Every structure is written in C-alpha cells, then in structure tokens.
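The structure appears below as structure tokens.
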Amino acid sequence: MDSRNEIINTQQESIATSMDCDDVELVEYLPYILQDFHEIGSSAQSLTRIIKENNTKETVKIIDLGCGKGAVLIELAQHVKSECLGIDGIKEFIGYANEQARMQGITNCKFEAGDIRKTDKRQGKYDFVILGSTGPVYGDYYTTMESLKPLLCDDGIIILDDGYIKENNNFNHAITGTKKDLISQIKKADMEIIKEYLGDEISDKSEYGKQYQDIKRRCHELMLKYPNKKELFERYIRKQEEEYHNLEEEITCSTMLIKRKMA
Ligand SMILES: C[S@@+](CC[C@H](N)C(=O)[O-])C[C@H]1O[C@@H](n2cnc3c(N)ncnc32)[C@H](O)[C@@H]1O
C-alpha cells in the first residue's frame with residue numbers, strides 16, 4: 001500500500017503526521033514549540049505572487065486547508081481582492097491567525113478550527129484551494145484530488161505545496177514519493193498539473209538553520225519544565241534535524257497548480 005494512503009484516523013494523528021511528529025503526545029506542545037514561527041511551511045509571499053499571477057477573477061474565493069497560523073491568507077488578503085477562509089486543527093494557531101487579522105484590520109479573511117477532512121461542498125466552491133505543506137492528510141494524491149474536487153469551481157485551481165523525490169534518487173522517505181507517482185495519481189483523478197514553481201521561487205533555505213535552532217531551544221525549555229517527557233522532546237528535535245536535512249539534500253520542494261483536465 002502507498003505509505004501516503006495509510007489510514008490516519010484521528011485529527012491528532014493527522015496533525016502529528018503533517019508536522020513530522022512520530023508521537024501524537026507531542027501535538028499539544030506544538031503551539032509552544034512553534035511560538036517563534038509565523039509561517040510554518042509554505043512561503044506566504046510566494047503563494048501570494050503565484051495566486052496574483054494566475055487569478056482571472058475580480059474577487060477571488062480562496063480556502064487554505066491546514067492553514068497553520070494563517071500567514072499565507074493574511075498576506076494574500078492584503079494584496080488580492082479576495083474572500084478567504086482558513087481552517088486548521090490547532091485552535092491556538094487559529095486564535096493567533098484571527099488576532100493577526102484583527103490587528104491588521106483585515107476583514108476579508110476568516111479562520112476556523114476544525115478537521116479539514118470534514119470540509120465539503122457545503123462550505124462553498126473556491127477559485128483556489130490551497131494545501132500548503134500538510135503532507136498526506138487526505139491519503140495519497142489520488143484520494144487528495146478526489147477529496148478536494150467538490151470544493152473547486154469548474155475552472156478552480158488546487159495549489160499543492162509539497163515535495164517529491166526525483167526519479168534518479170534512490171532515497172526513501174516515509175511519506176514523500178516520486179514525481180512519477182504523483183503525476184500518475186493526479187492523472188487518475190482526471191486532473192493535471194498546469195504549472196510548477198520550484199527552488200528559490202518558493203522556498204528560502206537560508207531560514208532553515210534559524211528555524212531548527214528555535215525549535216531546539218523551545219524543546220529544551222519544555223524538557224526543563226517536564227523532565228519526565230525529556231525523551232519525547234529529544235525525539236522531536238532529532239526528527240526535525242533529519243527533516244531539515246532531507247529538505248536541503250533529498251526532497252524537491254514544489255508548488256504545483258492543478259486543474260480538472262479539459263474534456
Ligand atoms: C506543516 S503545517 C503547514 C501550515 C500552513 N499550511 C503553512 O504552510 O504555513 C501543517 C498544518 O496542517 C494542520 N493539519 C494537519 N491535519 C489536519 C486536519 N486533519 N485538520 C485540520 N488541520 C490539520 C496542522 O495543524 C498544521 O497547522
């Protein structure tokens with residue numbers, strides 16, 4: 001079975017997977033560990049530029065699934081005439097996002113706490129559906145596309161910010177697959193990648209070192225506060241070190257624009 005398709009049952013398990021935690025017990029500490037972060041995965045500036053470049057609507061409707069602390073929509077809402085909705089399962093992140101929007105006088109952007117896998121067409125149809133650095137929350141890419149289609153306008157675009165392993169690389173990763181697999185699963189869902197953005201256009205690797213040090217510092221603070229959970233925080237530090245290394249050396253970060261195939 002595709003490792004991206006293993007059933008992730010609870011919302012906590014889903015969040016843990018998306019945040020590279022191997023233990024759901026760590027999830028409750030994520031707001032503390034990530035308190036120095038505004039963006040948690042995708043670059044707000046890059047995604048805003050990409051939406052500006054590809055938008056044809058007067059007022060564009062956007063949903064950000066797994067929006068984290070809302071960085072992407074807060075940037076977007078200020079530069080693109082839009083109606084935006086962000087959903088995330090960590091209520092402290094949603095509290096932060098709503099507070100940021102309020103402080104900046106942003107009124108075209110709402111943030112709600114919830115399980116993104118329970119978002120369906122009753123929430124409306126969107127010109128852009130953003131799935132930014134969430135990993136396999138919905139399962140493999142075929143299941144992801146099928147799950148997101150009901151939220152898309154006929155000419156709507158899914159913005160998938162994710163990573164893959166290049167064909168000539170033998171590297172194996174628990175949740176990251178090859179580009180070939182990704183393309184064939186998207187095709188199976190009758191969708192196609194219409195554009196792809198790579199490299200410096202979408203990610204700033206020079207920030208990785210500081211981000212890792214911030215995570216490490218906050219975990220060490222937690223170890224002092226909760227000595228009986230030292231091992232949990234140590235494992236998270238090791239996992240983060242490994243994932244930053246993978247992002248630098250093994251995984252190609254990519255922002256893909258995906259549409260329904262034209263008949
Ligand atoms: C790596 S972060 C990316 C955040 C944001 N998209 C960004 O790029 O800054 C993944 C996010 O997905 C959220 N998430 C994962 N599974 C979820 C679920 N089933 N329901 C709601 N949010 C979920 C996590 O809480 C986390 O904030």
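Read the numbers this way: they start at 1 and go in the same order the structure lists the ligands and their atoms. Throughout, residue positions are numbered sequentially from 1 according to the sequence presented. Because the structure is predicted, anything quoted here is derived from the model rather than measured.
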Counting each atom of ligand 1 from 1 as listed, which ones have a heavy atom of [X] under 4.0 Å away?
X	result
Ile90	25 (O)
Gly68	4 (C), 5 (C), 27 (O)
Gly41	7 (C), 8 (O), 9 (O)
Arg117	19 (N)
Ser133	1 (C), 2 (S), 3 (C), 10 (C)
Gly114	20 (N), 21 (C)

Taking both backbone and side-chain atoms of [X], is any N or O found less than 3.5 Å from an N or O belonging to ligand 1?
X	result
Gln11	no
Ser42	yes
Met19	no
Phe93	no
Glu39	no
Ile116	yes
Thr134	no

Just wondering, do [Y] and [X] contact through their side chains at under 4.5 Å, heavy atoms?
X	Y	answer
Leu160	Thr255	no
Ile165	Lys179	no
Glu196	Leu198	yes
Leu131	Ile159	no

Check whether [X] reaches the backbone of [Y] with its side chain - one donor and one acceptor, N or O, closer than 3.5 Å.
X	Y	value
Gln35	Pro31	no
Glu249	Asn246	no
Gln240	Ile215	no

Any idea which part of [X] is under 4.0 Å from ligand 1, heavy-atom wise: side chain, backbone, both or neither?
X	result
Val137	side chain
Cys67	backbone
Lys69	neither

Nearest to [atom], what protein heavy atom do you find, and at what distance?
atom	result
atom 13 (C) of ligand 1	Asp88 OD2, 3.3 Å
atom 4 (C) of ligand 1	Gly66 O, 3.3 Å
atom 15 (C) of ligand 1	Ser18 OG, 3.2 Å
atom 22 (N) of ligand 1	Gly89 N, 3.0 Å
atom 16 (N) of ligand 1	Ser14 OG, 2.7 Å
atom 9 (O) of ligand 1	Ile40 N, 3.1 Å
atom 3 (C) of ligand 1	Gly132 O, 3.4 Å

Can you confirm whether the side chains of Tyr138 and Glu146 place a donor and an acceptor under 3.5 Å from each other?
no
Do Asp162 and Tyr141 meet the criterion of a side-chain donor-acceptor pair at a distance under 3.5 Å?
yes
Give a yes/no verdict on whether any heavy atom in Ala71 is under 4.0 Å from an atom of ligand 1.
no
According to a 4.5 Å side-chain heavy-atom criterion applied to Ile, Leu, Val, Met, Phe, Trp and Tyr, with indirect links allowed, do Ile158 and Ile62 form part of one hydrophobic cluster?
no
In terms of hydrophobic clustering (I, L, V, M, F, W, Y; side-chain heavy atoms under 4.5 Å; direct or indirect links), are Ile94 and Ile87 co-clustered?
no
Where is the tightest heavy-atom contact between Lys259 and Gly156, given as atom of each residue plus distance?
CG-O, 3.5 Å
Would you sort out whether Phe111 and Phe93 count as a ring-ring contact (aromatic ring centres under 6.0 Å, His included), showing the intermediate values?
CA-CA 9 Å; Phe111 293 99; Phe93 287 0; over 10 Å; no
With Asp127, the salt bridge (Lys or Arg N to Asp or Glu O under 4.0 Å) member among Lys81, Lys57, Lys61
Lys57
